[in-house]
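Down below is the structure, laid out as structure tokens.
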Amino acid sequence: GAGVSQTPSNKVTEKGKYVELRCDPISGHTALYWYRQSLGQGPEFLIYFQGTGAADDSGLPNDRFFAVRPEGSVSTLKIQRTERGDSAVYLCASSLTRSNGELFFGEGSRLTVL
Amino acid sequence: GQNIDQPTEMTATEGAIVQINCTYQTSGFNGLFWYQQHAGEAPTFLSYNVLDGLEEKGRFSSFLSRSKGYSYLLLKELQMKDSASYLCAVMNNYGQNFVFGPGTRLSVLP
């Protein structure tokens with residue numbers, strides 16, 4: 001596609017439920033990033049993929065969070081046993097090369113845990 | 001550890017010049033980026049500095065001093081549409097990871 005696509009754009013769930021957020025990066029972009037952003041704050045790094053492998057998952061807050069990118073393109077962020085504190089906008093970004101490293105962001109998935 | 005600091009909010013007048021500062025301490029350094037984010041929208045790329053000095057791009061310029069861990073974004077001839085949050089981000093060479101600062105919310109007044 002022309003840009004980074006994220007679905008769903010909005011997700012409301014109840015505490016304790018399981019959630020999956022999907023990211024479809026720009027075609028050919030090998031690097032894919034997940035961030036989450038709370039109101040009035042900067043994006044907080046969660047995980048970075050280079051191809052199919054997670055090159056850096058140091059930002060995942062705990063073992064309830066997991067992400068995959070099985071074919072090196074689409075990625076899914078999975079959150080188990082959601083908590084109210086997980087409510088945020090989850091941003092996905094992709095980039096093509098390392099030299100400039102410009103990130104192209106999707107519009108985000110707004111997660112609300114009631 | 002990694003730490004990026006920016007002022008929380010700034011206000012300026014249409015047509016004026018504003019400088020948004022960013023200081024950083026990161027594990028390795030492979031470039032500094034500025035992004036613009038309008039309310040409710042995704043961040044968009046503005047500039048990239050990897051060497052010391054000033055990079056100019058139209059009304060926007062960005063400066064970097066690696067020895068001081070300091071950067072600024074300079075916006076000239078401010079327009080109302082420049083009201084947004086400005087995010088400073090550092091790419092560390094440890095994991096090619098981008099660490100973002102808290103963002104500076106700029107309000108441009110008529």
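Every chain is numbered from 1, with letters handed out A, B, ... down the list of sequences. What you see is a predicted model, and the numbers here were worked out from it, not measured in a lab. Hydrogens, waters and symmetry mates play no part in the numbers below; they use all other heavy atoms, side chains included.
Comparing A:Gly42, A:Gly40, A:Gly108 by how many heavy-atom pairs each has under 4.5 Å with chain B, the most go to A:Gly42.
Side-chain contact check for B:Glu55 versus B:Tyr48: every heavy-atom pair is 4.5 Å or farther apart. Residues A:Trp34 and A:Ser75 have side chains in contact (heavy-atom distance under 4.5 Å, counting atoms from C-beta outward). The closest side-chain heavy-atom distance from B:Ile17 to B:Leu75 is not below 4.5 Å.
Neither the backbone nor the side chain of A:Glu44 comes within contact range of chain B, judged by heavy atoms closer than 4.5 Å. Only the side chain of A:Tyr35 comes within contact range of chain B, with at least one heavy atom under 4.5 Å from a heavy atom of that chain. Neither the backbone nor the side chain of B:Gln6 comes within contact range of chain A; no heavy atoms are under 4.5 Å apart.
Ring to ring, B:Phe98 and B:Phe33 are close: their centroids are under 6.0 angstrom apart.
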